[in-house]
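Everything below concerns the one structure shown next.
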2 protein chains.
Amino acid sequence: MYSEGVSTSERLIESTRELLWERGYVGTSPKAILERAEAGQGSMYHHFKGKPDLALAAIRRTAEELCATAEAVLGGPGTPYQRIEAYLRRERDVLRGCPIGRLTMDPDIIASDELRAPVDETLDRIRERIAGIVEEGKEQGQFAPSVDGEAIAATVLATVQGGYVLARASGSPAAFDAGVRGLLSLLAPDRPA
Amino acid sequence: MYSEGVSTSERLIESTRELLWERGYVGTSPKAILERAEAGQGSMYHHFKGKPDLALAAIRRTAEELCATAEAVLGGPGTPYQRIEAYLRRERDVLRGCPIGRLTMDPDIIASDELRAPVDETLDRIRERIAGIVEEGKEQGQFAPSVDGEAIAATVLATVQGGYVLARASGSPAAFDAGVRGLLSLLAPDRPA
DNA sequence: GTCTATACGATGATAGAC
DNA sequence: GTCTATCATCGTATAGAC
């Protein structure tokens, strides 16, 4: 499964990232992690203090990756509307859900300030980034002066996170796409009032 | 904890409903259910075939309750916009999340067509209800003829479901409220283009 | 209908050999 | 660094007494 040269702690983190995405924190056991990482128990407790410590390392990496993915489209070319559209329409594995957002439904994550922190920071940073872009669009006259960047940013992020919920409920990405389409139609600068 | 006169199977279903909301399916054990219901193991396996069977009964009841709560505001008085606003602004225990929507992040729920079905049906029914209201608003000239009722309905539902995610991540209902505010500002019939 | 006893694998972690 | 015991507890279910 794993090629040579990848360190054991690296394999442990990657396996944990996958399992947290698939099954969440409560649904992921050290045993499952070890099997996927092809490692023994000793390795895990040598490199990490336990399940929460390993999960924290995994979540932090996933959080950074998600921020980078978001920045790639939000910091890309185009008008403010186009950059937000690019964020909403970017390729996603919709039925897998958001690897960060899904953790908010995990009771043990929410109960731990340390585990919740990277989740909160990630969503907050993307929200602030979008809010700034909306404000930019207002200055350029693309959005009405009355719109509230912070509020619109929350709506954009919520539509994505909620889109995952609808898609997973129905077993099809269609509902995610519909939600995005609806939001874009409301945001469109040129739409008939 | 429980007053006299409430049947054991009733207590089992109610306890399961609470725990599914708090901890999800994977995070809820029969033992925890029994303790909360003040019942022994025998009772549970007498009334239900096992954990999935009891969970199904609990989910079905929660699904019905949620549909009724939604219908109470969506079928209420007012213009289409006002009814959608009432749905978005209705009182919610935001930090607890949606008792139905949260189940979509549970791997064992998604893996079982039987357990997923009531979740899917609930969200789909509410979505269709909102879509019809949007179409109604178009006929009355409150919404532009170009808007797509199905898409807007998905956006409305996604904003709510995603709002729970943002709120739980930050530990505050503020982000939920911001998302709702942003969406309503985009939907407002009289807003400046 | 409800209880207790029993079962067996899974969970999360420690100890100590190599 | 990694491995294999070993451990106490939990998770899910069955059996049978009352």
Side-chain angles (χ1 to χ4, degrees), chain A residues 1-59 103 105-112 114-115, chain B residues 1-59 103 105-112 114-115:
Chain A
M1 205 61 145
Y2 274 99
S3 57
E4 311 289 323
V6 179
S7 74
T8 300
S9 87
E10 192 59 28
R11 294 204 311 275
L12 286 167
I13 292 177
E14 286 303 313
S15 298
T16 304
R17 294 207 316 140
E18 292 172 15
L19 282 163
L20 286 179
W21 196 354
E22 293 168 19
R23 306 193 43 84
Y25 183 85
V26 170
T28 296
S29 69
K31 189 186 182 191
I33 294 169
L34 297 174
E35 277 169 8
R36 193 170 294 211
E38 292 167 32
Q41 297 218 351
S43 297
M44 170 175 157
Y45 285 100
H46 172 74
H47 292 287
F48 302 95
K49 285 197 286 286
K51 179 182 170 180
D53 189 41
L54 173 51
L56 184 57
I59 293 170
L103 298 175
M105 295 304 145
D106 225 303
D108 291 7
I109 299 276
I110 295 303
S112 156
E114 236 193 327
L115 290 175
Chain B
M1 204 61 145
Y2 275 97
S3 57
E4 311 288 324
V6 179
S7 73
T8 300
S9 85
E10 193 60 27
R11 294 203 311 274
L12 286 168
I13 291 177
E14 286 303 313
S15 298
T16 304
R17 295 209 314 141
E18 292 172 15
L19 282 163
L20 285 179
W21 195 354
E22 293 167 21
R23 306 194 40 86
Y25 182 86
V26 169
T28 297
S29 69
K31 189 185 182 190
I33 294 170
L34 297 174
E35 276 168 10
R36 191 171 295 210
E38 293 168 31
Q41 297 218 348
S43 298
M44 170 175 157
Y45 286 100
H46 172 76
H47 291 287
F48 302 95
K49 285 198 287 285
K51 178 182 169 181
D53 189 42
L54 173 51
L56 184 57
I59 292 171
L103 298 175
M105 294 304 145
D106 224 302
D108 291 6
I109 300 277
I110 295 303
S112 155
E114 234 191 329
L115 291 174

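Quick note on labels: first sequence line is chain A, next is B, and so on, each numbered from 1. Heavy atoms only: backbone and side chains are in, while hydrogens, waters and symmetry mates are out.
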Tell me: CZ of B:Phe48 to C1' of C:dG1, nearest whole Å? 13 Å
Given atom CD1 of A:Ile33 and atom C1' of C:dA10, what is their separation to the nearest angstrom? 14 Å
Considering all heavy atoms of both residues, which atom of B:Ala39 and which atom of B:Thr8 are nearest to each other, and what is their separation? CB-CG2, 4.0 Å
So what stems show up for DNA chain D if we need 3 or more Watson-Crick or G-U pairs in a row, all under 3.5 Å? C:1-18 with D:1-18
Taking all non-hydrogen atoms of both residues, which atom of B:Leu12 and which atom of B:Ala37 are closest, and how far apart? CD2-CB, 3.9 Å
Take atom CD of A:Glu35 and atom C1' of C:dA10, then tell me their distance rounded to the nearest Å. 11 Å
Check the pair A:Glu14 / A:Arg11 against salt bridge (charged side-chain N to carboxylate O under 4.0 Å, His left out), numbers first and verdict last. CA-CA 5 Å; A:Glu14 286 303 313; A:Arg11 294 204 311 275; over 6 Å; no
Taking the side chain as every heavy atom from C-beta outward, state whether B:Arg23 and A:Asp108 have any atom pair closer than 4.5 Å. yes
Starting at NE2 of A:His46 and ending at C1' of C:dC18, how long is that distance when rounded to a whole Å? 14 Å
Contact string for nucleotides 3-16 of chain D, one letter per nucleotide 5' to 3', B = base within protein heavy-atom range under 4.0 Å, S = sugar-phosphate only, - = neither, reads BB-----SSBBB--
Rounded to whole Å, the CG-C1' distance (A:Leu54 to C:dA13) equals 14 Å
Side chains of residues 44-58 of chain A: which donor-acceptor pairs under 3.5 Å do they make with residues two or more places apart or in other chains?
unit_1, atom_1, unit_2, atom_2, d
A:Lys51, NZ, A:Tyr25, O, 3.0
A:Lys51, NZ, A:Thr28, O, 2.8
A:Asp53, OD2, A:Lys49, N, 3.0

Between CZ on residue A:Arg17 and CD1 on residue A:Ile33, distance to nearest 0.5 Å: 13.0 Å
Any chance you could measure A:Ile109, atom CD1, to A:Ile59, atom CD1, to the nearest 0.5 Å? 4.0 Å
Where is the tightest heavy-atom contact between A:Leu103 and A:Leu20, given as atom of each residue plus distance? CD2-O, 4.4 Å
